[in-house]
Amino acid sequence: AALCVCDLSPAQCDINCCCDPDCSSVDFSIFSACSVPVVTGDSQFCSQKAVIYSLNFTANPPQRVFKLVDQINPSIFCIHITNYKPALSFINPGVPDENNFDTLMKTSDGFTLNAESDISFTTKLDIPTTAKYEYGVPLQTSDSFLRFPSSLTSSLCTDNNPAAFLVNQAVRCTRKINLEQCEEIEALSMAFYSSPEILRAPDSRTKVPITVQSVIIQSLNKTLTQREDTDVLQPALVNAGHFHLCMNVVLEVKYSLTYTDRGEVTKADLSFLLGTVSSVVVPLQQKFEIYFLQENTKPVPLSGNPGYVVGLPLAAGFQPHKTGALPCQLVAQKVKNLLWGQGFPDYVAPFGNSQAQDVLDWVPIHFITQSFNRKHSVLQDSCQLPGALVIEVKWTKYGSLLNPQAKIVNVTANLISSSFPEANAGNERTILISTAVTFVDVSAPAEAGFRAPPAINARLPFNFFFPFV
C-alpha cells in the first residue's frame with residue numbers, strides 16, 4: 001500500500017490515511033493499522049503538539065481513534081519559543097531567468113554601488129508588539145525601522161542596519177560613490193536621516209519627529225562653519241574647471257534620543273557635519289553616532305566596558321546632606337568644604353559601564369574621621385581643623401586571565417584633623433591642607449586549578465600479607 005503523508009491540518013489522502021476526514025469506517029475495515037500513526041509539529045521545538053491515530057476493530061463498524069498530547073523533545077538543543085517562524089527553515093532564493101527577471105526587480109531594492117553583498121530587508125522586521133521598548137529592540141518608524149548605517153563584513157557602509165534601543169554606537173564606514181551621481185544618492189542627503197518618524201513605543205500610534213539641532217559645514221581646507229538655520233540641504237554637483245565638486249554631502253551624523261524609564265522615546269535630535277567632496281577623496285568615509293539619554297537625569301559618562309580604563313574618571317554618585325556649623329567651627333567648616341569639594345559622592349560604580357539605576361551594585365564609600373592633638377595644645381583653647389583628605393581605592397582584576405577587567409571593591413575617604421590653638425581676633429594663621437588618592441590592587445594571585453585525585457577506599461583482609469608480615 002502507498003504511504004500517506006499527513007500534517008496537523010486535514011490532508012486529502014485516500015490510501016490508508018487515518019487523518020483523512022474523507023475516509024469512512026468501511027474504508028478503515030480493509031486496513032490493519034494506520035500508515036501514519038503519529039503526526040507532530042516542528043521537531044525543533046522543545047515541546048510540540050502530537051496527534052496519535054489508531055484503529056479500533058472491536059467496534060462494529062471499525063472506528064478511528066485519535067488523541068492530542070504534548071510531546072517533549074528530549075534533545076538539549078531545542079527551541080523553546082520563536083517570534084520569527086521563517087527562521088526555522090531555509091528559503092530557496094529565486095533564481096533570475098528571462099521569465100521572472102522583471103518580477104524580481106520589482107520586489108527588490110535594486111542594485112547598489114557597494115562591492116559587498118548587502119543584506120536587503122524587503123519586508124518589515126517581525127518585531128513582537130510590546131508596550132515599551134526593551135534593550136536591543138530595533139527602533140520602529142511609521143513604515144519600518146530607524147536605519148543606522150554601519151559596516152558588516154567589510155569597511156563599506158550598509159544602510160539597512162537597524163538602530164537598537166539603548167545601544168550607544170559610534171562607527172565609521174566607507175562608501176564608494178560616483179561623484180557625478182552624488183545628487184541622486186540618498187545616503188549623502190540630510191533628508192535620508194531626518195525624514196523618518198520614530199514611534200514613541202512599539203505599539204504606539206504617537207510619532208516622534210527627528211529634529212535637526214545643528215548643521216556644521218566643512219570646507220575643502222577643513223575649516224568649520226556652523227549654519228544659523230537648520231534647513232535641509234541637498235547635495236549639489238558643481239563644475240569647478242577641470243574637476244567636479246559635490247557640496248552639502250553628509251560626512252557625520254549624530255543621533256541623540258531621549259527616553260523615559262517606561263521605555264518610551266520622547267525626543268529625537270540630530271546633528272550634521274556636511275562637507276564638499278572632490279574626486280580626490282573618493283571613496284567617501286562617513287561617521288555615524290547614536291546616544292540615548294534618560295529623561296530628567298544627568299547621564300554618567302562611561303569609564304570602561306565593563307572594567308575601568310586607566311586615565312578615565314571614576315563614576316560616582318551622591319545623596320544630598322544637611323550640614324550645619326557650630327559657632328566655634330566656622331573656619332573648620334570652610335576648610336572641610338574645600339577638601340570635600342562640591343557634591344562629594346556617596347557611592348562609586350564597581351565597573352566603568354555600571355548603570356545609575358542599579359544602586360545596589362554600587363560600592364558605598366566608607367568615611368573615616370581621625371583627630372590628632374598637637375603638642376602643648378591640649379590644655380589651651382584649641383580648634384579641630386581638617387588638614388588632609390586621604391582617599392584609598394581598592395580594585396581587583398575581574399574575569400579571565402586573557403582579558404581581566406578592573407573592578408572597584410572598596411573605597412575609603414579618611415578626613416584627618418588636627419588641633420590648632422585659637423587665634424586672637426585680628427590675627428591670621430596659615431594652614432596647609434592636602435589631598436591624596438591611592439589605588440591598591442587587591443587581586444588574588446591566579447592559581448591553576450586541578451581536579452582532586454581519586455580516593456581509593458580499599459579494605460584488605462587482616463591476613464592478606466601473611467606470612468610475610
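Just so we're clear, the structure is a prediction, and the values are computed from it rather than from any experiment.
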Item checked: Audit row: Tyr259, Gln294, side-chain contact (heavy atoms from CB on, under 4.5 Å) steps and yes/no -> CA-CA 5 Å; Tyr259 67 98; Gln294 187 171 347; 3.6 Å; yes
Item checked: Evaluation steps, side-chain contact (heavy atoms from CB on, under 4.5 Å), between Phe148 and Val167 -> CA-CA 11 Å; Phe148 183 79; Val167 179; over 6 Å; no
Notebook entry, point to check: Say you draw a straight line from CD1 of Ile433 to CG of Leu385; how long is it, rounded to the nearest 0.5 Å?
Noted result: 10.5 Å
Check: Taking atom CG of Leu199 and atom CG of Leu146, what is their separation to the nearest 0.5 Å?
Finding: 10.5 Å
Note to self: Checking Thr266 against Thr258: is there a side-chain donor and acceptor pair closer than 3.5 Å?
What the structure shows: no
Checklist line | Residue pair Ala163 / Ile290: nearest heavy atoms and the distance that separates them | finding: CB-CD1, 3.9 Å
Notebook entry, point to check: So do Val250 and Leu274 actually touch side chain to side chain, heavy atoms under 4.5 Å?
Noted result: yes
Notebook entry, point to check: Can a salt bridge be assigned to the pair Glu252 and Lys254 using a cut-off of 4.0 Å between side-chain N and carboxylate O?
Noted result: no
Notebook entry, point to check: Between Phe165 and Phe292, what is the ring plane arrangement, given parallel below 30°, perpendicular above 60°, and tilted in between?
Noted result: perpendicular
Check: So which heavy atom on Leu389 is nearest to which on Ala413, and how close?
Finding: CD1-CB, 4.5 Å
Check: Can you find a heavy atom in the side chain of Gln213 that is under 4.5 Å from one in the side chain of Thr211?
Finding: yes
Note to self: We want to know whether Asn410 and Thr412 form a side-chain donor-acceptor pair, criterion being a heavy-atom distance below 3.5 angstrom.
What the structure shows: yes
Checklist line | Glu289 CD to Lys287 NZ distance, which is reported to the nearest 0.5 Å | finding: 4.0 Å
Next item on the list: Please answer whether the main-chain N or O of Arg147 pairs with a side-chain N or O of Tyr193 as donor and acceptor at a distance below 3.5 Å.
Entry: no
Note to self: Measuring only between side-chain heavy atoms, which start at C-beta, is Tyr255 closer than 4.5 Å to Val253?
What the structure shows: yes
Notebook entry, point to check: Are any side-chain N or O atoms of Trp395 and backbone N or O atoms of Pro350, one a donor and one an acceptor, separated by less than 3.5 Å?
Noted result: no
Notebook entry, point to check: Does Asn248 reach the main-chain N or O of Gln234 with its side chain, forming a donor-acceptor pair under 3.5 Å?
Noted result: yes
Next item on the list: Kindly give the heavy-atom pair with the smallest separation between Cys157 and Gln286, and that separation in Å.
Entry: SG-OE1, 4.2 Å
Notebook entry, point to check: Got a sec, which residues hit side chain to side chain contact (heavy atoms under 4.5 Å, CB included) with Gln218, two or more places apart in sequence or on another chain?
Noted result: Lys222, Leu224, Leu251, Leu273
Note to self: Is there a side-chain contact between Phe351 and Asp361 in this structure, where contact means two heavy atoms from C-beta onward sitting under 4.5 Å apart?
What the structure shows: no
Margin query: So, using salt bridge (charged side-chain N to carboxylate O under 4.0 Å, His left out) as the criterion, who are the partners of Glu392 when residues are at least two apart?
Written below: none
Check: What distance separates Arg175 CZ from Asp159 CG, expressed to the nearest 0.5 Å?
Finding: 4.0 Å
Check: Do Thr206 and Glu264 pass the side-chain contact (heavy atoms from CB on, under 4.5 Å) test, and can you show the C-alpha distance, the side-chain angles, and the key distance before you say yes or no?
Finding: CA-CA 10 Å; Thr206 305; Glu264 298 178 347; over 6 Å; no
Next item on the list: Kindly check if the number of other-residue, nucleotide or ligand heavy atoms within 6.0 Å of CD (Glu228) is above 12?
Entry: no
Check: Taking everything shown except Phe192 itself, do over 12 heavy atoms lie less than 6.0 Å from its CZ?
Finding: yes
Check: Considering all heavy atoms of both residues, which atom of Leu179 and which atom of Ser278 are nearest to each other, and what is their separation?
Finding: CD2-C, 3.8 Å
Item checked: Pairwise side-chain contact, Tyr133 with Leu166, heavy-atom cut-off 4.5 Å (strictly under) -> no
Next item on the list: State the OG-CG distance between Ser371 and Leu415, to the nearest 0.5 angstrom.
Entry: 8.5 Å
Margin query: Before you tell me yes or no, could you show the steps for Val249 and Ile177 under side-chain contact (heavy atoms from CB on, under 4.5 Å), namely the whole-Å CA-CA distance, both residues' side-chain angles and the distance that decides it to 0.1 Å?
Written below: CA-CA 11 Å; Val249 174; Ile177 63 173; 5.8 Å; no
Checklist line | Beyond-backbone contact of Asp441 with Phe439, side-chain heavy atoms, under 4.5 angstrom | finding: no
Margin query: Considering only residues two or more places apart or on different chains, which pairs with a residue in residues 179-189 satisfy salt bridge (charged side-chain N to carboxylate O under 4.0 Å, His left out)?
Written below: none
Check: With a 4.5 Å heavy-atom cut-off, do Ile365 and Pro345 have their side chains touching?
Finding: yes
Check: So how far is it from Phe145 CZ to Leu139 CG, rounded to the nearest 0.5 Å?
Finding: 11.0 Å
Checklist line | Donor + acceptor pair across side chains of Ser151, Ser155 (<3.5 Å) | finding: no
Check: Do the side chains of Val232 and Ser194 get nearer than 4.5 Å, heavy atoms only?
Finding: yes
Notebook entry, point to check: Where do Thr230 and Val215 come nearest, in terms of heavy atoms and distance?
Noted result: CA-CG2, 4.2 Å
Notebook entry, point to check: At their closest point, which heavy atom of Trp362 faces which heavy atom of Gln355, and how far apart are they?
Noted result: NE1-O, 3.0 Å
